[in-house]
Colleague: 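Please see the structure below; I have some questions.
Only a predicted model underlies this, so the values are computations on that prediction, with no experimental measurement involved. Just the heavy atoms: all of them, side chains too, but no hydrogens, waters or symmetry mates, feed the values below.
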Amino acid sequence: MELEGGWRPVASLELFANLALRRAEFREGTIGGVDVAGNEVPLVPRVLGTLGANWSVTERTLVSAVARYVGSQRYDNDVANDFGRKMPSYTLVDLKLSHRIGGWKLSATLLNAFDKFYYSYAIRSLATSSFNAYPSRPRTFVATVEYAFP
């Protein structure tokens, strides 16, 4: 199920939200000799959510903020659903400032603004009771310059 909505309380401010509730399960089958029917599919979070705002400070300047929530999910290689734990959920916030000058658009973006440590991919070890996680990027600043030809 997915819900999406937006609201513009004033002409210069747009608020939006999205919520996805998912249930990904194997319907039938075996993997490596393990019956997986009814088990959760690894790497698929049950809950995804987004909250955001776009504020037109002036006709040419836009400030945006977006918070994204990713719920817990099973580790890769846990099709039997017997690992006993899930990858932790996380919430990230991104901020962006854009300004237009003629045909030019200048933007500055701060990804993972609160420098949250998280990982969006990890695989469980079948030989031990551990896992390997691949950390995602820390706080990142990105600047872009665009030009639109008339």
Colleague: Between atom OG1 of Thr140 and atom CG of Asp94, what is the distance when rounded to the nearest 0.5 Å?
Modeller: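 Separation between the atoms: 9.5 Å.
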Colleague: Angle class for the Tyr147/Trp104 ring planes (parallel below 30°, perpendicular above 60°, tilted otherwise)?
Modeller: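 The rings of Tyr147 and Trp104 sit tilted, inter-plane angle from 30° to 60°.
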Colleague: Answer yes or no: is there a side-chain heavy-atom contact under 4.5 Å between Asn112 and Tyr118?
Modeller: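 Answer yes - side chains close enough.
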Colleague: Could you give the distance from NE2 (His99) to CG (Leu62), rounded to the nearest 0.5 Å?
Modeller: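 Those atoms lie 11.5 Å apart.
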Colleague: Thinking salt bridges, do Lys86 and Asp78 make one under a 4.0 Å N-O criterion?
Modeller: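 Between Asp78 and Lys86 there is no salt bridge, as every charged N stays at least 4.0 Å from the carboxylate O atoms.
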Colleague: In the single-linkage hydrophobic clustering (I, L, V, M, F, W, Y; side-chain heavy atoms under 4.5 Å), do Leu97 and Trp55 co-cluster?
Modeller: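 Hydrophobic grouping puts Leu97 with Trp55.
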Colleague: For side chain to side chain contact (heavy atoms under 4.5 Å, CB included), just list the numbers for Lys96 and Val66, CA-CA rounded to whole Å, side-chain angles, deciding distance to a tenth of an Å, and then say yes or no.
Modeller: CA-CA 9 Å; Lys96 184 175 183 177; Val66 176; over 6 Å; no
Colleague: Let's go through Phe16 and Asn54 carefully: what are the C-alpha distance in whole Å and the side-chain angles of both, what is the deciding distance for side chain to side chain contact (heavy atoms under 4.5 Å, CB included) to 0.1 Å, and is it a yes or a no?
Modeller: CA-CA 9 Å; Phe16 56 91; Asn54 293 318; 3.6 Å; yes
Colleague: Tell me whether the count of non-hydrogen atoms from other residues, nucleotides or ligands lying under 6.0 Å of CD in Glu28 goes above 12.
Modeller: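 Atom CD in Glu28 is not crowded, with 12 or fewer foreign heavy atoms closer than 6.0 Å.
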Colleague: Find the distance between CZ (Arg124) and CG (Asp76) and round it off to the nearest 0.5 Å.
Modeller: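 Output value for this atom pair is 11.0 Å.
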Colleague: Among Val34, Val41, Val36, Thr30, which residue meets the side chain to side chain contact (heavy atoms under 4.5 Å, CB included) test with Val79?
Modeller: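 Exactly one option meets the side chain to side chain contact (heavy atoms under 4.5 Å, CB included) with Val79, and it is Val36.
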Colleague: Under the criterion side chain to side chain contact (heavy atoms under 4.5 Å, CB included), I'd like the reasoning laid out for Glu40 against Arg46: C-alpha separation, chi angles, the key distance, then a yes or no.
Modeller: CA-CA 10 Å; Glu40 292 179 55; Arg46 283 195 166 209; 4.0 Å; yes
Colleague: State whether a side-chain donor-acceptor pair under 3.5 Å links Ser12 with Ser56.
Modeller: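 There is no such pair (donor and acceptor under 3.5 Å, judged by atom type) between the side chains of Ser12 and Ser56.
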Colleague: Do any N or O atoms from the side chain of Asp115 and from the backbone of Pro138 form a donor-acceptor pair under 3.5 angstrom?
Modeller: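 Answer holds: no.
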Colleague: Nearest 0.5 Å, please: how far is CZ in Arg68 from CG in Leu51?
Modeller: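 CZ of Arg68 is found 12.0 Å from CG of Leu51.
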Colleague: With the side chain counted from C-beta on, respond yes when Met87 and Leu43 share a heavy-atom pair under 4.5 Å apart, and no when they do not.
Modeller: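 With C-beta onward as the side chain, the pair touches.
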Colleague: Hydrophobic clustering (ILVMFWY, side-chain heavy atoms < 4.5 Å, transitive) - are Leu13 and Leu95 grouped together?
Modeller: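 Per the 4.5 Å side-chain linkage, Leu95 and Leu13 are not co-clustered.
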Colleague: Give the cluster check for Phe141 versus Val145: same hydrophobic cluster or not, with ILVMFWY residues linked at side-chain heavy-atom distances below 4.5 Å.
Modeller: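 The answer is no; the residues belong to distinct hydrophobic clusters.
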Colleague: Rounded to the nearest 0.5 Å, how far does CD of Glu4 lie from OG1 of Thr50?
Modeller: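 Between Thr50 OG1 and Glu4 CD, I get 9.0 Å after rounding to 0.5 Å.
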Colleague: Step through the shown structure and confirm whether more than 12 heavy atoms of other residues, nucleotides or ligands are within 6.0 Å of CZ on Phe114.
Modeller: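 It does not: Phe114 CZ has 12 such atoms or fewer within range.
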Colleague: If Ile, Leu, Val, Met, Phe, Trp and Tyr residues are connected whenever their side-chain heavy atoms lie under 4.5 Å apart, and connections chain through other members, are Leu48 and Tyr69 in the same group?
Modeller: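 Not linked; separate clusters.
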Colleague: Please tell me whether Val63 and Val10 are part of a single hydrophobic cluster in this structure, the criterion being side-chain heavy atoms less than 4.5 Å apart.
Modeller: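 In one cluster: yes.
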Colleague: Measure the CG-CG distance between Asn39 and Asn81 for me, rounded to the nearest 0.5 Å.
Modeller: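 Spacing of CG (Asn39) from CG (Asn81) equals 4.0 Å.
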Colleague: In terms of ring plane angle, is the pair Tyr75 and Phe83 parallel, tilted or perpendicular, where the classes change at 30° and 60°?
Modeller: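 The rings of Tyr75 and Phe83 stand perpendicular, inter-plane angle above 60°.
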Colleague: Does some side-chain heavy atom of Gln73 sit less than 4.5 Å from a side-chain heavy atom of Val44?
Modeller: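 Side-chain contact under 4.5 Å: no.
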Colleague: Nearest heavy-atom pair of Ser107 and Ser98: which atoms, and what distance?
Modeller: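 For Ser107 versus Ser98, the nearest heavy atoms are OG-OG, 3.1 Å.
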Colleague: Taking all non-hydrogen atoms of both residues, which atom of Pro135 and which atom of Tyr119 are closest, and how far apart?
Modeller: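 Minimum heavy-atom contact is CA-CB, 4.0 Å.
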Colleague: Answer whether the closest heavy-atom distance between the side chains of Ser120 and Tyr134 falls below 4.5 Å.
Modeller: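 Heavy-atom side-chain distance check fails, nothing below 4.5 Å.
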Colleague: Do Val47 and Leu21 come close enough that some side-chain heavy atom pair is under 4.5 Å?
Modeller: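 In contact.
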